[in-house]
Number of protein chains: 2
Amino acid sequence: MLELAVLGLLKQKAMHGYELKKQLAEELGFFRQFSYGSLYPTLKRLALEEAVEMEYARGETPRRKNVYRITPRGEAAFATLLEESGAEATESREAFMLRLAFFRYMNPETRRRLLEGRRGYLQERLAKLRESLKRLRERMDSYSVQLMNHRVDDTEHDLRWLDDLLERERRLGAEPALPTRPAAEGS
Amino acid sequence: MLELAVLGLLKQKAMHGYELKKQLAEELGFFRQFSYGSLYPTLKRLALEEAVEMEYARGETPRRKNVYRITPRGEAAFATLLEESGAEATESREAFMLRLAFFRYMNPETRRRLLEGRRGYLQERLAKLRESLKRLRERMDSYSVQLMNHRVDDTEHDLRWLDDLLERERRLGAEPALPTRPAAEGS
DNA sequence: GTTAGCATGTAAGGAGTTACATGATTTT
DNA sequence: AAAATCATGTAACTCCTTACATGCTAAC
């Protein structure tokens, strides 16, 4: 997750770790916080894999603000991570939403696959939820009933939203993915 | 999390691991799935700590259905875990909801503390979310805008729900916590 | 009799957190 | 000159998952 988020953010703009952490909590702001204890090692690892590299801007020495820039290899890795989104991306709210934040980089089929995958998952869960509610309502305390009902509402709300997104996707048709290398040549 | 959930489920009824796993996905159904690879070791550890113990019902040999029962020590541990719910319980949706599923075991002050803690957290996040949206709207692609807007709606929805729960709590006043040892003596 | 589901476990690994440690730069 | 916040990192640990390994029992 962190790796995907980092690559996606660096795709927009070169940044150093500290800045990245703030963006993770802001640009993807809704999104969860990661600690430095995972962020810096991740950057280091990505650098080792040559998915990112350091930018020594304005003669600044390293190890006092390490500005990282994504490399072509990193772009490829990012694209692969997005395209290969599996079960996690449909079953985990966070994983799904992270992908959604990077929808502009996906091709239309992948977008649809993810949206429908998530929708299917939520529909299934909604059915199970309702079944549980029906079967257990009598035996449950009022807090649990409240919780279950809220879950149902929440899931329905999410489903309407997904339907909306799918509808838009259909209407706007094949909005192409942004290129891997955005606007490489001048102006 | 798993430990809390297991103790809470065993409080209702003695169960073996396999059964527990199904209940985790059903009674707390909405709730996340845990794998056997974490469930069985957790039961083992709890048994070692004497928070749970095996029930050798009807002369059944162990190691073919291990039915676990919560002990007084386990009840105490469960109560402590609930009462000491810290930041995680207000900042993580899942952690919060798990507590809510066990609200009947808490005393009214703890319930209120948790509900208001969660509300405060969501209010703060909502403010940040709106600020981000305002500041970044122009620079965001339409998917990110959709995502942010949905987050805002979602958070508002959650806040209304929390207000509702708090209101109920006030109206129904001091619904006492269920005892640590439920209905110990007969009928 | 063979497939599906019940039932339990271990070992290795993944993906993060917390706590610790350090020091520069900016603001008050 | 003190305090805040910017900035980077490591080591130990937590909590979970995946993959593996085993065997019973019920249904078809």
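Note that this is a predicted model, so its numbers are computed, not measured.
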Could you give the [atom1]-to-[atom2] distance, from [X] to [N], as a whole number of Å?
X       : N      : atom1 : atom2 : answer
A:Leu39 : D:dC6  : CG    : C1'   : 14 Å
B:Leu20 : C:dC6  : CG    : P     : 15 Å
B:Met54 : C:dA7  : CE    : C1'   : 13 Å
B:Leu98 : D:dC16 : CG    : P     : 11 Å
A:Met1  : C:dG14 : CE    : P     : 17 Å
A:Asn66 : D:dC6  : CG    : C1'   : 13 Å
B:Tyr68 : C:dA7  : OH    : C1'   : 12 Å
A:Lys65 : D:dT8  : NZ    : C1'   : 13 Å

#### Entry: Set of residues satisfying side-chain contact (heavy atoms from CB on, under 4.5 Å) with respect to B:Lys13, sequence neighbours excluded
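If we apply the side-chain contact (heavy atoms from CB on, under 4.5 Å) test to B:Lys13, skipping adjacent residues, the hits are B:Met15, B:Glu19.
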Give a yes/no answer on whether the side chain of [X] brings an N or O atom under 4.0 Å of OP1 or OP2 in [N].
X       : N      : result
A:Tyr36 : D:dT8  : no
A:Ser38 : C:dA15 : no
A:Tyr18 : D:dC6  : yes
B:Lys44 : C:dT10 : yes

### Query
Is the number of heavy atoms from other residues, nucleotides or ligands within 6.0 Å of CZ (B:Arg112) greater than 12?
no
### Query
Just checking A:Gln33: base, sugar-phosphate only, or nothing, at a heavy-atom cut-off of under 4.0 Å?
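Touches sugar-phosphate only.
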### Task
Please work out if B:Gly17 contacts a base, only the sugar-phosphate, or nothing of the nucleic acid, heavy-atom cut-off 4.0 Å.
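Counting heavy atoms under 4.0 Å across all strands, the contact made by B:Gly17 is with sugar-phosphate only.
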### Message
Strictly distance-based, threshold 3.5 Å: is any side-chain N or O of A:Arg73 a donor or acceptor partner for the main-chain N or O of A:Ile70?
### Response
no
#### Entry: Side chain of A:Phe34 - closest among C:dA7, D:dT8, C:dT17
C:dT17
### Task
Test B:Asp158 against B:Thr155 for side-chain hydrogen bond (donor to acceptor under 3.5 Å, both in side chains), laying out the working first.
CA-CA 5 Å; B:Asp158 270 23; B:Thr155 307; over 6 Å; no
What pairs of donor and acceptor atoms, side-chain ones from residues 37-51 of chain A against any protein atom, are under 3.5 angstrom apart with sequence neighbours left out?
residue : atom : partner : partner atom : Å
A:Ser38 : OG   : A:Ser35 : O            : 3.0
A:Thr42 : OG1  : A:Ser38 : O            : 2.7
A:Arg45 : NH1  : A:Glu3  : OE1          : 3.0

